[in-house]
Amino acid sequence: RAKATGKNCWVEFRPELLEEEIARLQVIEDLQQAPAEAFVVHYQPIVALATGEVVGLEALVRWRRDRDGLSPLVGPDEFISLAERSGTVVAIGDSVLRQVAADAASLQVQAGRSLELMVNVSPVQLRRAEFTERVAAAVRRITAAGCRLHLEMTESVMIDEDSNGALHDLADTGASLTIDDFGTGFSSLGYLRHRPFSSFKIDRSFVQDIATESTSRALVEGMVKMGQALDLSVVAEGVEAADQADILRDMGCPLVQGHLYCRPLPLAEVQEFLASRRIRSLSA
Ligand code: C2E
Ligand code: MG
Ligand code: MG
Ligand code: MG
């Protein structure tokens, strides 16, 4: 039942830990077997606070794990880190980029305007030599559709000194680079001086306390001001309540995203959402 690792020191054998590890290995194996079509892109609108207009969409991947499609889709928090561990995140990321490139033209038509299309990328993808070419191909299609591709990456990519060249190569394709979950990483702000970012997204953990906690409010205000001073566009993530949006508007935060406006939706539903917003704004 238990194993001695030293005098008076016991490590208990917990069967549920073994079960969890077996479940993780099963996820990794299923990810390796999964066809590209098993990865479905949902889209969440990004809204300009001043006008209420939808100016962009974030692509968020989901996994149809079972063949018959009866079980709920699996969310990225349950598989992306395992896909990074096993390398399948490269194929998943390619599939997401291709879907977004394929969807861009119809999304632009439904919205009646150019859209900023934001795609999350893993550091594992960034380290692959062929990634820049994949991005360049997506940029060509997305630009032809009248939209713009943004690649979202967390501060963790900046820890790697070698990533600087890769980031400039990516920016040279015409893609815009965005720092995701800004404020939660460990890297220094110095990277903003030399690396080609055009925007950052304030992490939801700061936004959620903005109406109730003065420290979070001060941090968010500081981040918004920093964006203005450095000429970087700022998106506040995870806006769920009207009082949060009011505070962000007063601070001058340009862009927001969150359940208050819209949840991530499958392609057909986000097209409907865009079309109904366009018609409403036409008749307003
Ligand atoms: P993220 O890039 O920071 O995406 C925002 C997450 O916040 C999404 O979760 C979104 O559904 C959720 N969210 C948006 N508004 C609200 C809100 O008002 N309240 C709350 N509570 N949540 C909100 P999701 O879709 O589960 O994605 C989780 C993470 O998985 C993403 O965080 C991103 O890091 C990763 N991810 C998603 N798609 C991809 C992908 O295609 N490739 C890679 N490498 N990672 C991805
Ligand atoms: Mg993101
Ligand atoms: Mg984020
Ligand atoms: Mg995140």
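One-based numbering, in listed order, for ligands and for the atoms of each. Values below: every heavy atom of this structure, side chains too, minus hydrogens, waters and symmetry copies.
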Can you find a side-chain donor-acceptor pair between Glu84 and Ser122 that sits under 3.5 Å? yes
Using heavy atoms and a threshold below 4.0 Å, how should the contact between Gln44 and ligand 1 be classified: side chain, backbone, both, or neither? side chain
Under 3.5 Å, is there a donor-acceptor pair between the Gln99 and Ser95 side chains? yes
Between CD on residue Gln108 and CG on residue Leu115, distance to nearest 0.5 Å: 7.0 Å
Between Asp180 and ligand 1, find which residue part has any heavy-atom pair under 4.0 Å and reply side chain, backbone, both or neither. side chain
Atom 10 (C) of ligand 1: of Leu60, Val119, Thr184, Val41, the nearest heavy atom sits on Leu60
Where the closest heavy atom to atom 7 (O) of ligand 1 is concerned, which of Arg204, Arg263, Gln257 has it? Arg204
To the nearest 10 degrees, could you say what angle the Mg ion (ligand 2) makes with OE2 of Glu58 and OD2 of Asp180? 180°
Within-4.5 Å side-chain heavy-atom neighbours: Val119 and His150: no
At a non-hydrogen distance cut-off of under 4.0 Å, which region of Asp181 contacts ligand 1 (side chain, backbone, both, or neither)? side chain
Tell me which part of Glu58 gets within contact of ligand 1: side chain, backbone, both or neither, using heavy atoms under 4.0 Å. side chain
By number and element, which atoms of ligand 1 are closer than 4.0 Å to a non-hydrogen atom of Asp77? 28 (C), 29 (C), 30 (O)
May I ask you to check if any N/O/S atom from Asp181 comes under 2.8 Å of the Mg ion (ligand 3)? yes
Atoms of ligand 1, numbered as shown, that sit under 4.0 Å from any heavy atom of Ser122: 44 (N)
2.8 Å cut-off met by an N, O or S atom of Glu152 to the Mg ion (ligand 3): no
Check: Ser106/Gln271 side-chain N/O donor and acceptor closer than 3.5 Å: yes
Does Leu260 reach ligand 1 with a nitrogen or oxygen that is under 3.5 Å from one of the ligand's nitrogen or oxygen atoms? no
Is it the case that the side chains of Asp180 and Thr154 hold a donor-acceptor pair, with the cut-off being a distance below 3.5 Å and no angle test? no
Per-atom contacts of ligand 1 with Glu240, taking only distances under 4.0 Å to non-hydrogen atoms: 17 (C), 18 (O), 19 (N), 20 (C), 21 (N)
Side chain proximity check, Val235 to Phe182, heavy atoms < 4.5 angstrom: no
Distance under 4.0 Å to a non-hydrogen atom of Val96: what atoms of ligand 1 satisfy this? 41 (O)
Counting from 1, what ligand 1 atoms have a heavy atom of Gly238 closer than 4.0 Å? 16 (C), 17 (C), 18 (O)
Find out whether Thr178 and Phe197 are in side-chain contact, i.e. whether some heavy atom of one side chain is under 4.5 Å from a heavy atom of the other. no
The Mg ion (ligand 2) contact by Asn120, N, O or S atom under 2.8 Å: yes
Electrostatic pair Glu213-Arg217, nearest N-O below 4.0 angstrom: no
How about Ile210 and Asp243: do any of their side-chain heavy atoms sit closer than 4.5 Å? no
How about Glu58 and Asn120: does a side-chain donor come under 3.5 Å of a side-chain acceptor? yes
A student checking ligand 1 against Pro76 at a 4.0 Å heavy-atom cut-off should list atoms 24 (P), 25 (O), 26 (O), 27 (O), 28 (C), 30 (O), 36 (N), 37 (C)
Under 3.5 Å: N/O of His259 near N/O of ligand 1: yes
Can a donor-acceptor pair be found between the side chains of Asn164 and Tyr191 at a distance below 3.5 Å? no
Does the residue Pro264 have a heavy-atom contact with ligand 1, meaning some pair of atoms that are separated by less than 4.0 Å? yes
Using a heavy-atom cut-off of under 4.0 Å, does the side chain or the backbone of Arg62 touch ligand 1, or both, or neither? side chain
